[in-house]
Structure formats: structure tokens, C-alpha cells
Amino acid sequence: VQLQASGGGLVQAGGSLRLSCAASKRTGNLYPMGWFRQAPGKEREFVAAISWDGGNTALSEFMKGRCTISKDIPKNTVYLQMNSLKPEDTAVYYCAARRATTGGSVYYAENDYDYWGQGTQVTVSS
């Protein structure tokens, strides 16, 4: 399974970006997926997650009210819509997928995921 993240870029504070993560196989509708980010000099941290069917989602505290995660099952793609961006949101954003699982769980830890995309840079200027 290969994951291709895209949609990053340079945006001013208060702006919006939509990140996309496309799966190489028909896995987007079978696998729980998540987004993480890593800022320079910091550890990678959880941003958002979605269950395999899109029925359940979870957001980090720092993204609540500013971000939504969603799935387009026919396109095998997961989206991360980020609004009201802040300079502290500057980081490389990674998408990840977990092997097929039952139930509508979402996953928060890096080691819960089996496949990772290459990352897309998000830079928010003040």
C-alpha cells in the first residue's frame, strides 16, 4: 500500500489548506487512517484520525474547531481541511493507514499505523 500526501504549501496566518492522502489500492475504504505532523526539532504528533468507514473521527486538542478529517471512499482519498492556521501549525504533515480492522475505531499512536506517506510541508507565515 502506498500513500501519497499532497496539498501543503505556504499560507498566511488565518488562512486555510486542504491536505489530501490518496491510497494506491482500494484501501481507503477499508483502513483506518490518520494524520500526524512533525515540526523542526520536535517529535511527530497526532493531528487527526478517521475510522475505516468514515463514521468516527478524532482530532487533537490543538486542532479542534479548526480542522476536519473526511474520506472520499470512491476516490480512496482522505482529506484534512485546516482553517484558521497559525504559525505554530508549521510542520511536515504525514498521512498513515492501519491494516484492515473491524469496528469503527480510530487510532492515535504512531505505532498503531502500518503504512506512511512521504509527508507534505505546511508553512504558515505570521
Side-chain angles (χ1 to χ4, degrees):
V1 175
Q2 291 185 335
L3 304 175
Q4 181 69 42
S6 61
L10 174 63
V11 64
Q12 289 187 336
S16 299
L17 282 174
R18 187 177 79 158
L19 306 184
S20 301
C21 179
S24 60
K25 297 183 179 180
R26 288 188 177 274
T27 57
N29 58 331
L30 297 177
Y31 289 67
M33 298 185 75
W35 287 94
F36 291 76
R37 72 183 188 183
Q38 187 168 22
K42 295 186 178 181
E43 294 187 351
R44 192 152 55 182
E45 61 182 350
F46 169 79
V47 177
I50 191 165
S51 60
W52 71 271
D53 61 351
N56 292 314
T57 62
L59 296 174
S60 60
E61 285 298 321
F62 56 77
M63 279 298 187
K64 284 183 179 177
R66 302 191 294 131
C67 173
T68 56
I69 183 171
S70 60
K71 269 191 174 185
D72 185 330
I73 292 176
K75 293 184 178 180
N76 303 319
T77 301
V78 172
Y79 301 100
L80 185 69
Q81 176 67 46
M82 301 187 293
N83 304 315
S84 301
L85 284 164
K86 306 173 183 179
E88 52 263 44
D89 293 320
T90 295
V92 178
Y93 285 70
Y94 298 91
C95 63
R98 177 182 170 91
R99 291 192 184 98
T101 184
T102 58
S105 297
V106 293
Y107 298 88
Y108 299 84
E110 287 186 61
N111 58 13
D112 287 333
Y113 292 90
D114 304 294
Y115 309 103
W116 290 83
Q118 84 288 1
T120 183
Q121 175 71 47
V122 171
T123 303
V124 185
S125 63
S126 58

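Reckoned from all heavy atoms, side chains included, excluding hydrogens, waters and symmetry mates.
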What heavy-atom pair brings [X] and [Y] nearest, and what distance separates the two atoms?
{"X": "Ala48", "Y": "Leu59", "answer": "CB-CD2, 3.5 Å"}
{"X": "Gly104", "Y": "Ser51", "answer": "O-CB, 3.4 Å"}
{"X": "Lys71", "Y": "Gly54", "answer": "CD-N, 4.3 Å"}
{"X": "Val106", "Y": "Ala58", "answer": "CG2-CB, 3.9 Å"}
{"X": "Arg99", "Y": "Pro32", "answer": "O-CD, 4.1 Å"}

Any side-chain heavy atom of [X] within less than 4.5 Å of one from [Y]?
{"X": "Ser16", "Y": "Val11", "result": "no"}
{"X": "Glu45", "Y": "Phe62", "result": "yes"}
{"X": "Val92", "Y": "Arg44", "result": "no"}
{"X": "Val122", "Y": "Met82", "result": "yes"}

Nearest 0.5 Å please: distance from the [atom1] atom of [X] over to the [atom2] atom of [Y].
{"X": "Asn83", "Y": "Leu17", "atom1": "CG", "atom2": "CG", "value": "9.5 Å"}
{"X": "Gln4", "Y": "Asn76", "atom1": "CD", "atom2": "CG", "value": "14.0 Å"}
{"X": "Lys86", "Y": "Ser126", "atom1": "NZ", "atom2": "OG", "value": "14.0 Å"}
{"X": "Gln38", "Y": "Glu43", "atom1": "CD", "atom2": "CD", "value": "8.0 Å"}
{"X": "Thr57", "Y": "Met33", "atom1": "OG1", "atom2": "CE", "value": "14.5 Å"}
{"X": "Thr90", "Y": "Leu10", "atom1": "OG1", "atom2": "CG", "value": "8.5 Å"}

### Task
Could I get the full list of salt bridge (charged side-chain N to carboxylate O under 4.0 Å, His left out) partners for Asp72, not counting sequence neighbours?
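Testing Asp72 for salt bridge (charged side-chain N to carboxylate O under 4.0 Å, His left out), a comparison that skips the adjacent residues, returns none.
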### Query
For the side-chain contact (heavy atoms from CB on, under 4.5 Å) test, which of Tyr115, Trp35, Tyr79, Trp116 pairs with Cys95?
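Considering Tyr115, Trp35, Tyr79, Trp116, a side-chain contact (heavy atoms from CB on, under 4.5 Å) with Cys95 is found only for Trp35.
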### Task
Would you please test Asp89 and Arg66 for side chain to side chain contact (heavy atoms under 4.5 Å, CB included) and show each step?
CA-CA 11 Å; Asp89 293 320; Arg66 302 191 294 131; 2.7 Å; yes
#### Entry: Short side-chain donor-acceptor distance under 3.5 Å, Arg37 and Tyr93
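Yes, because at least one side-chain N or O of Tyr93 sits under 3.5 Å from a partner of the opposite role on Arg37.
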### Query
Looking at Tyr108, Tyr107, Tyr113, which hits ring-ring contact (aromatic ring centres under 6.0 Å, His included) with Phe36?
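Among Tyr108, Tyr107, Tyr113, the one meeting ring-ring contact (aromatic ring centres under 6.0 Å, His included) with Phe36 is Tyr113.
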### Query
So if you build clusters from Ile, Leu, Val, Met, Phe, Trp, Tyr with side-chain heavy-atom gaps below 4.5 Å, do Val47 and Leu19 land together?
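Result: yes, single cluster for both.
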